[in-house]
Amino acid sequence: KNSGGIRVNAEGEGSRLEIGGITGKNTAGDIYDSKNLAAVSSNSQKWVAYTAGIAAFNTGSITNCSNSGEIKAESDASSAIAGGIAAQNERAVELSVNTGTIQSVSQSESASSGGITGRNSDWVSSCSNSGTISASILNQEFSSIAGGIAGQNAYMVSNCSNSGTISAQGGEALKGDICGLNNQTE
C-alpha cells in the first residue's frame, strides 16, 4: 500500500519515464492485493511519460488491486500515458478498481488515459472505474484518447464497467465509456 505522494520531473536524454504508485515497471511479476492511495504525477521534458497508480509499465499480471489517488502524466515533447492501474499494459489485469482522477497532457504527441489502463494490449477482465478520466493534447495533429477502462485497447476487455466522467480535448478527440479507441480485431 502506498499512501505517500510521488512527483517526478525529468529532463535530459532518454526514451521514457515510468512512474507508478507501487512500481515503475513490472516485468513478469505478479502484483496482487495492492492499493495506491497517493497522488502520482510525472512531467517529462523529452520522454514518453507513463504514469499509473499500480504499475506504469506492466508485462506481468495484476490482480485485485485498486487506485484512489490522482494520477497525472505530462510530456512536453512526446506522448503522455496515464492509467489508474497500469499506464502501458501488456499482460492480464483482473478484479481491479479505480476511483481516482486520471489525466494525461501532451504538448506534442498523443495523450491517452484510462481508468484501468492508458494503453492495453492484453486481457482486462472484471474491472471497474468510477473516477474522472481526461486526456488533452495541444498539438492538433495528434490524438487525445480517454476511456473508462482503457484509453487505447488492442486486445480483450470483458465484464468491465464505468460510471466515471470521460473527456478528451484537442486534436482528434476520442473518448468512450469503456474504450476511447478500440483496435481489437479478434
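Bear in mind that the values here come from a model prediction, so they are computed numbers and not experimental data.
Here the side chain of Ser44 pairs no donor or acceptor atom with the backbone of Ser75 at under 3.5 angstrom. Under a 3.5 Å cut-off, the side chain of Asn162 and the backbone N or O of Ile178 do not form any donor-acceptor pair. Checked by atom type and distance alone, the side chain of Ser113 pairs as donor or acceptor with a backbone atom of Ser104 at under 3.5 Å. In this structure, Ser106 contributes its side chain and Ala111 its backbone to no donor-acceptor pair below 3.5 Å. Remark: side-chain polar atoms of Ser121 are paired, donor with acceptor, to backbone N or O of Asn89 under 3.5 angstrom. In this structure, Ser96 contributes its side chain and Cys65 its backbone to a donor-acceptor pair below 3.5 Å. Counting only distance, with no hydrogens or angles, the side chain of Thr51 and the backbone of Ile19 share no donor-acceptor pair below 3.5 Å. When atom types are taken as modelled, the side chain of Asn139 and the backbone of Ser108 share a donor-acceptor pair closer than 3.5 angstrom.
In the model, Ser126 has a side-chain atom that pairs as donor or acceptor with a side-chain atom of Asn159 under 3.5 Å. Using modelled atom types and a 3.5 Å distance limit, the side chains of Ser79 and Ser110 yield a donor-acceptor pair.
The hydrophobic clustering, which links ILVMFWY residues whose side-chain heavy atoms are closer than 4.5 Å, places Ile166 and Ile137 apart. Grouping the Ile, Leu, Val, Met, Phe, Trp and Tyr side chains by contacts below 4.5 angstrom, directly or via other members, places Ile133 apart from Leu174. Grouping the Ile, Leu, Val, Met, Phe, Trp and Tyr side chains by contacts below 4.5 angstrom, directly or via other members, places Leu181 apart from Ile149. When hydrophobic clusters are built by joining Ile, Leu, Val, Met, Phe, Trp and Tyr residues whose side-chain heavy atoms come closer than 4.5 Å, directly or via intermediates, Ile81 is not grouped with Val105.
Shortest non-hydrogen contact noted between Ala55 and Ile62 is CB-CD1, 4.1 Å. Minimum interatomic distance between Ile85 and Val97 (heavy atoms only, all atoms of both residues): CD1-O, 3.7 Å. Pairing each heavy atom of Thr59 with each of Arg91, the nearest pair is O-CG, 2.8 Å. Here the shortest heavy-atom pairing between Gly83 and Ile71 reads O-CG2, 3.9 Å. In terms of heavy-atom proximity, Thr99 sits nearest to Ser130 at CG2-OG, 3.4 Å. Nearest approach of Asn36 to Gly53, heavy atoms of both residues: CB-O, 3.1 Å.
Using a 4.5 Å heavy-atom cutoff, the side chains of Asn120 and Val93 are not in contact. Under the 4.5 Å side-chain criterion, counting only non-hydrogen atoms from C-beta, Ser158 is in contact with Trp123. You'll find the side chain of Glu90 stays beyond 4.5 Å of the side chain of Asp122, heavy atoms only.
For Gln140, the CD atom sits in a packed shell: over 12 heavy atoms of surrounding residues, nucleotides or ligands are nearer than 6.0 Å.
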